[in-house]
Amino acid sequence: MIKPLTSLRFFFAFFVFLSHLQGLKSNNPIFNWFVRNIFFEGYIGVSFFFILSGFVISYSNDLKISKNKFDTIRFYKARFFRLYPLYLLTMLICAMSIANISWSTWLINIFAIQSFLPTINNHIINAPSWSISNEFFFYFSFPFIFPFINKYKTTSILLLITSSIILFSLSSKVPDTYIKFIYYINPFSRLLDFSLGILLYHFFKYINSGNYKKLTSSTWEYLALLLLILFFLPHNAIPRMYRFSVYYWVPMSAIILIFAFEKGRVSKLLQNKLLVYLGEISFSFYMIHLFVITKMLPLLGDSNPIATIFIILLTTLVFSILLFEYFEKPVNSFLKRKFLNT
């Protein structure tokens, strides 16, 4: 486990949480400005997760692959056991409050293929689960993509750049109603984020193998965070389709790369046990947060929006801890013990 990156998972899950508070109204213009300009942009957390996924999966499996000890079927099982039980449980929890779910919607969500469909909005049970649909596709692709990138690094960089240019140059041909699907949800376009994470891991390994310390580790960490802020500040001037992914690639990559070394002052702070634990429960937090928001927001109202956010956040954290401690962790341990131990 790279503890600073684990802790950062929670912060970016919290950004996504904020992005789903669009229904929160206030008479305070300052608060409304924050909702429109800060909360709304919280979906950038998804890009962080996709890039981080490519990086961490590469970090965890590189040695096995290099020693020819990588078992593709075992890898698929491990990733399935890690994500699907909680994916399924939160889907069932959300389904309890939805009337008349069609059989097609049930099947689409059970098989986690919703992110492949332009009609995804007609098949929502637990809205954030579309990104898990993408993750399953990334995991399926990993045994094929990683060896190629490992062997042809320069070619892979050129392919990533060329694919991105082609994808976004075609935006004028995409109807407005499909912009979000193509550039935010579609697993084939988001595979670029995951591939970037794999390339980032190779860059990390290259730097780690030499002595490239012209600046202190803490300085690099401050600069990485500053870079994200500098990209964030003018975001309203950038078309949203770019902000869905590619616009934030540079600062997200910088943050993941720098904090993977675990050496600066901010990294030391992020290794705090509480922050690491919040990172560990971030998957449960991500999967249950929108359900909690949609159920609690109408009950709490808008009279005190700060208090409302705090109460919803606290409730989401409680549910996340319960899900993590009494379902996600024990079920994953059981499945690994039962089916992966040799």
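On a predicted model such as this, the values are computed, not experimentally measured, just so you know. Residue numbers count from 1 along this sequence.
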Once you measure the plane-to-plane angle for [X] and [Y], does it fall in the parallel (<30°), tilted (30-60°) or perpendicular (>60°) bin?
| X | Y | result |
| --- | --- | --- |
| F231 | Y247 | tilted |
| W130 | F50 | perpendicular |
| Y201 | F146 | tilted |
| H235 | F232 | tilted |
| F138 | F194 | parallel |

Say whether [X] and [Y] are linked into one hydrophobic cluster, either directly or through other cluster members, by side-chain heavy-atom distances under 4.5 angstrom.
| X | Y | answer |
| --- | --- | --- |
| F310 | V318 | no |
| I185 | I124 | no |
| L170 | F188 | no |

Give a yes or no on whether [X] atom [atom1] has more than 12 heavy-atom contacts from other residues, nucleotides or ligands under 6.0 Å away.
| X | atom1 | answer |
| --- | --- | --- |
| F204 | CZ | yes |
| L233 | CG | yes |
| K3 | NZ | no |
| Y76 | OH | yes |
| F31 | CZ | yes |
| K64 | NZ | no |
| F111 | CZ | no |
| Y152 | OH | no |

Would you tell me whether [X] and [Y] have side-chain atoms, one donor and one acceptor, within less than 3.5 Å of each other?
| X | Y | answer |
| --- | --- | --- |
| E41 | S19 | no |
| Y242 | S171 | no |
| Q114 | S129 | yes |
| N134 | S115 | yes |
| W33 | N28 | no |

Please give me the minimum heavy-atom distance between [X] and [Y], naming the atom from each residue.
| X | Y | answer |
| --- | --- | --- |
| S284 | F324 | OG-N, 3.7 Å |
| Y222 | V266 | CE2-CG2, 3.5 Å |
| S97 | F291 | OG-CE1, 4.0 Å |
| L167 | S189 | CD2-CB, 3.6 Å |
| F48 | M252 | CB-SD, 3.8 Å |
| P128 | Y286 | O-OH, 3.1 Å |

Measure the [atom1]-[atom2] distance between [X] and [Y] for me, rounded to the nearest 0.5 Å.
| X | Y | atom1 | atom2 | answer |
| --- | --- | --- | --- | --- |
| S195 | I149 | OG | CD1 | 5.0 Å |
| I120 | H123 | CD1 | NE2 | 9.0 Å |
| S164 | L159 | OG | CG | 10.5 Å |
| F142 | L191 | CZ | CG | 12.0 Å |
| R82 | L335 | CZ | CG | 12.0 Å |

List the steps and the verdict of ring-ring contact (aromatic ring centres under 6.0 Å, His included) for Y248 and F244. CA-CA 8 Å; Y248 288 106; F244 280 144; over 10 Å; no
Taking the side chain from [X] and the backbone from [Y], do they hold a donor-acceptor pair closer than 3.5 Å?
| X | Y | value |
| --- | --- | --- |
| K295 | V292 | no |
| S7 | V276 | yes |
| S66 | L63 | yes |

With F55, which of L199, L196, I198, L5 fulfils side chain to side chain contact (heavy atoms under 4.5 Å, CB included)?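 Testing F55 for a side chain to side chain contact (heavy atoms under 4.5 Å, CB included) against L199, L196, I198, L5 leaves exactly one candidate, L5.
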Applying ring-ring contact (aromatic ring centres under 6.0 Å, His included), run through F17 and F14 and close with a yes or a no. CA-CA 5 Å; F17 169 87; F14 179 66; 5.7 Å; yes
Side-chain touch [X]/[Y], heavy atoms, less than 4.5 angstrom:
| X | Y | result |
| --- | --- | --- |
| S245 | R190 | yes |
| Y43 | V16 | no |
| K77 | L340 | yes |
| N126 | M287 | yes |
| L323 | I288 | yes |
| L269 | R265 | no |
| T105 | N122 | no |
| L225 | L228 | no |

Trace of the ring-ring contact (aromatic ring centres under 6.0 Å, His included) decision for Y139 with F80: CA-CA 9 Å; Y139 298 153; F80 181 83; over 10 Å; no
Should F181 and Y178 be marked as a ring-ring contact (aromatic ring centres under 6.0 Å, His included) after you check the CA-CA gap, both sets of side-chain angles, and the distance that decides it? CA-CA 5 Å; F181 171 73; Y178 291 109; 7.0 Å; no
